[in-house]
Student: 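Before we start, here is the structure in question, set down as structure tokens.
Just follow the structure's listing: the first ligand is 1, and inside any ligand the first atom is 1.
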Amino acid sequence: MARRLIVVSNRGPLSYGRDPSGARVARRGGGGLATALRGLLRRDDVTWIASAMTDEDRAVAAEAGGASFAEEGRDGSSFRLRLLAHPPAAYAGFYDTVANGALWFLQHYLWGLASEPELGADFHAAWRDGYERVNETFADAVLAELDDDAAVCFHDYHLYLAPAFVRAARPGALLTHFVHIPWPDAEYWHALPEAYRSAVHRGLLANDVVGFHTERWRDNFVEACRELVGADVADDGTTVRFEDREVRAVAHPISIDVEEFEALRDDAAVLEEERAILARRPEYLVVRVDRTDPSKNIIRGFRAFELLLEEHPELRGRVVMLALLDPSRQTLRAYEDYLERASAEAQRVNERFAADGWQPVDLHVRDNFPQTVAAYKQFDVLLVNAIYDGMNLVAKEGAFVNTRDGLVVLSENAGAHAELAEWVVSANPFDLEDQAEGLYRALTMPAEERRRRSSAAAAYVREHDIDAWVDAQLDEIARLSGASRAV
Ligand code: G6P
């Protein structure tokens, strides 16, 4: 019998707001994780536990008296949602200071250790009164929902501590955790004090299964468990023994909902955006689509594009980089600064090269999903040059949706590179010359080779879509359910 799934993530599959007439509306949650996980809603019996992130979310949570309530996904699938309205100060410590301000930076190797991090009293308070408290609240909500038939699926770096709280209360519970971002090597974890890095690894080892998008991140995790908390690793390199329990570390690459993107190709709003792109379309169109996140390497991307124009004057006037940036985490100073610097960089490149009505960079800073899909259809080259990235679904979405035999120039440090390497043009995200050369190679590759690569990449994504990833999660749970377990 299929188990009931309790999905637990900080950002839920939808969040609430008000439309101009004052009516309550539910909007799709942003970011790749929430998008991809919506695929889960079509399955079985799902209760989703997430943080209330908007004022309207908090109102909805209050109306439900903190309990779960019935909701409907966009495709009509029904599920239950439980929204947790955390005290604002605790949530700021949890989300801004620890999860996004520290763990995100650490796990994407974004700290320049000569000056960062500086972990003062504020950080320690945020860990104790924010990260720990909010994780405990998530664990309490899980315990309130948990029964013998349920399996719990935690997601991401916000919730590393919650599984240990649940395990302590219900030793027989079936717990899985999926980490959607890179796992850095054990040495880099030393940038976090011993108590915290050990709590992170112990928290994850309270699960039965811990999943990653690639073997690279999975292997780093296993090694870090050995080095940082003294876990034993079996000969298979993936079974970790810790405190009399066995934990399987697995690699299952996440993907996209190909049916959704197929339908979006002909969506009215997408077609309208596509007409706007076509009206201004240069001979060569380079596209980038990103949240405004330092890990996405937007500034070096503009510099690499500048280098391309410098080294290939014949391309001036003929190529445009359409940069679609979705503002992200603007409550964090580092993110606010990054967006400012990225915008200034685009402007600098424009000022340097603009001529005769041509501007090299066409920058849009807002969340406009139809425009993103239209740009996916129209690119000749999609630049995905992330510094590090757990997967990067933009690369898969673009490769699947494109209609022009477009190529992806893809960072060798994006998880997607492990799957798509054969068909993309690989680039080192720190090497401007390599990225500029990659853009040039991709733009000038013979038509037949472009077609071969782009159709092979699209076929791969079609074959390995979100359903394959969801199936892999459910298979892991089914496997564990074989053993009798008392909750
Ligand atoms: C990444 C993370 C997700 C996160 C998303 C958006 O995809 O893996 O956990 O939800 O970014 O970030 P946000 O802070 O807006 O939820």
Student: Report yes or no: does N100 contribute a side-chain atom to a donor-acceptor pair with the main-chain N or O of D96 at less than 3.5 Å?
Tutor: no
Student: More than 12 heavy atoms of other residues, nucleotides or ligands under 6.0 Å from CD of E463: yes or no?
Tutor: no
Student: Return yes when H155 approaches ligand 1 closer than 4.0 angstrom through a heavy atom, no otherwise.
Tutor: no
Student: Tell me whether R291 reaches ligand 1 (any heavy atom closer than 4.0 angstrom to a ligand atom).
Tutor: yes
Student: Going by the closest heavy atom to atom 4 (C) of ligand 1, which one wins out of M391, Q330, R329, H180?
Tutor: R329
Student: So, using salt bridge (Lys or Arg N to Asp or Glu O under 4.0 Å) as the criterion, who are the partners of D337 when residues are at least two apart?
Tutor: R333
Student: Between W104 and ligand 1, is there a nitrogen or oxygen pair with a distance under 3.5 Å?
Tutor: no
Student: Mind checking whether S328 has an N or O less than 3.5 Å away from an N or O of ligand 1?
Tutor: no
Student: Is any N or O atom of R11, backbone or side chain, closer than 3.5 Å to an N or O atom of ligand 1?
Tutor: yes
Student: Identify whether the distance between the nearest side-chain nitrogen and carboxylate oxygen of D290 and R288 falls below 4.0 Å.
Tutor: yes
Student: Taking non-hydrogen atoms only, is I181 closer than 4.0 angstrom to ligand 1 via side chain, backbone, both or neither?
Tutor: side chain
Student: Checking side-chain contact (heavy atoms from CB on, under 4.5 Å) between L393 and each of I256, V384, I466, which is the one that passes?
Tutor: I256
Student: What atoms of ligand 1 come within less than 4.0 Å of a heavy atom belonging to H158?
Tutor: 9 (O)
Student: For residues W48 and F69, establish whether the separation of their ring centroids is below 6.0 Å.
Tutor: no
